[in-house]
Structure formats: structure tokens, C-alpha cells
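Report on the structure given below.
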Amino acid sequence: MADKEMKFHKILVGVDDSHDAQLAFYYAVRYAAENDADLYIVSVLESDEMNVYQAFDDDYVHGERSQLEEHILNFKQQALDSGVKNVNTLIAEGDAGKTIVKEVIPRVKPDLLMIGSFDKPGISRRFGSQAAYMSKYAPCSVLVVR
């Protein structure tokens, strides 16, 4: 096994506006371009960050999703401009860590998940980060970028 070159062929990267997630995106793009790997970019619309009125307002949710779709298409274009040949995008809804592990990974079947290590401030920090959850439960290799 040591004689074989280990390469990942299908990379899934989770993106949001955090610095660490953007850094993970740049690592994923570079790896995919240099190794001719497929790149899947996922962003999760987190409904738990909306208040109850926003969650029940179809116009608000639709507007949030439209902004996210536009944002993820910008990531896709950056990847294409950087030389990645096969780039796919996905938008999911729910808790980011659980949604990526339980819904996105089984659908995409990546060899590698790249994520940022961004922790939310305050009480959610005490319950562990999304990165820690995905590192523990993802059925594929995980690279956490800081």
C-alpha cells in the first residue's frame, strides 16, 4: 500500500462567509486543479439561524436561498477560472454539520471533505463545532482547515 500514490478524485468542500471556510475552498480548488479531481461545493441554508417569523415567511426564505445560490455560483466560477475542470454546486437546508454528513455525503460520495474550523461565538461553542461533528461522523476522509 505504501507504494501506491494516494489521490482523492472527488472533493466536497463546505463554504460560507467565514474566513476558515473560504480558506478550505482555496485549498480544495488548488488540490482539484492540480490533481484533476471533481469538485463539489456545498453551502447550507441554516434555518436555525432564522427567527420563527422569518422561517415561516416564504418570501424571506426564498430571498435567503436566492442570495445563497448567487453566492455559490461565484464560488463555482472562481474554481473554473482556477483550472478545475468539473465543478458542481449544491445547496442544502438544515443544520450544516448534520445535513452534510447525513444528506450531502451519501448523495455525492466524496473521497475527501474539506471544511473550515470556524466556531460560532457564545453558547454554541460549548456544544462543539460543526467541524468537530463532521470530522467525527463523516464516512470519508476529512481535512479541517484553519
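Residues T89 and F75 are not in side-chain contact: their nearest non-hydrogen atoms beyond the backbone lie 4.5 Å or more apart. The shortest side-chain heavy-atom distance between V144 and S135 falls under the 4.5 Å cut-off. Between C140 and L112 the shortest side-chain heavy-atom distance does not fall below 4.5 Å. Counting only heavy atoms from C-beta outward, the side chains of Q78 and F25 approach each other to under 4.5 Å. Between L39 and V29 there is a side-chain heavy-atom pair separated by less than 4.5 Å. Taking the side chain as every heavy atom from C-beta outward, L90 and I41 never approach each other to under 4.5 Å. Side-chain contact between Q130 and I100 is absent, with no heavy atoms from C-beta onward closer than 4.5 Å. Within the 4.5 Å cutoff, the side chain of Y133 has heavy atoms near those of the V101 side chain.
Across all their heavy atoms, Y31 and K7 have their closest contact at OH-CA, 3.5 Å. Considering all non-hydrogen atoms of both residues, G14 and I115 come closest at N-CG2, 4.4 Å. What you find for M134 and V142 is that their closest heavy atoms are O-CG2, 3.9 Å. What you find for A33 and V84 is that their closest heavy atoms are N-CG2, 3.9 Å. When all heavy atoms are compared, the tightest approach of R146 to L23 is O-CD2, 3.2 Å. For A131 against G116, the heavy-atom pair with the smallest separation is CB-O, 3.5 Å.
The structure places OH of Y40 at 15.5 Å from CE of M114, a figure rounded to the nearest 0.5 Å. We find the CG-NZ distance between D36 and K85 to be 4.0 Å, quoted to the nearest 0.5 Å.
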### Query
Are V13 and V42 close enough, and set up right, to give a side chain to side chain contact (heavy atoms under 4.5 Å, CB included), and what steps lead you there?
CA-CA 6 Å; V13 62; V42 63; over 6 Å; no
### Task
Show your working on side chain to side chain contact (heavy atoms under 4.5 Å, CB included) between L143 and L113 and close with a plain yes or no.
CA-CA 6 Å; L143 175 63; L113 170 63; over 6 Å; no
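Side-chain atoms of E93 do not come within 3.5 Å of backbone N or O of L45 as any donor-acceptor pair. With K102 contributing its side chain and T99 its backbone, the two residues share no donor-acceptor pair below 3.5 Å. S43 contributes no side-chain N or O that, together with a main-chain N or O of I91, makes up a donor-acceptor pair within less than 3.5 Å. In this structure, N35 contributes its side chain and A37 its backbone to no donor-acceptor pair below 3.5 Å. Without hydrogens or angle criteria, D111 side chain to H9 main chain gives a donor-acceptor distance under 3.5 Å.
Within 6.0 Å of CD on E34 lie more than 12 heavy atoms contributed by other residues, nucleotides or ligands.
A side-chain donor-acceptor contact under 3.5 Å links Q77 and D81. Residues D16 and Q22 have side chains that never bring a donor and an acceptor to within less than 3.5 angstrom of each other.
The cluster map of Ile, Leu, Val, Met, Phe, Trp and Tyr, joined by side-chain heavy atoms under 4.5 Å apart, puts L73 and V108 in different clusters.
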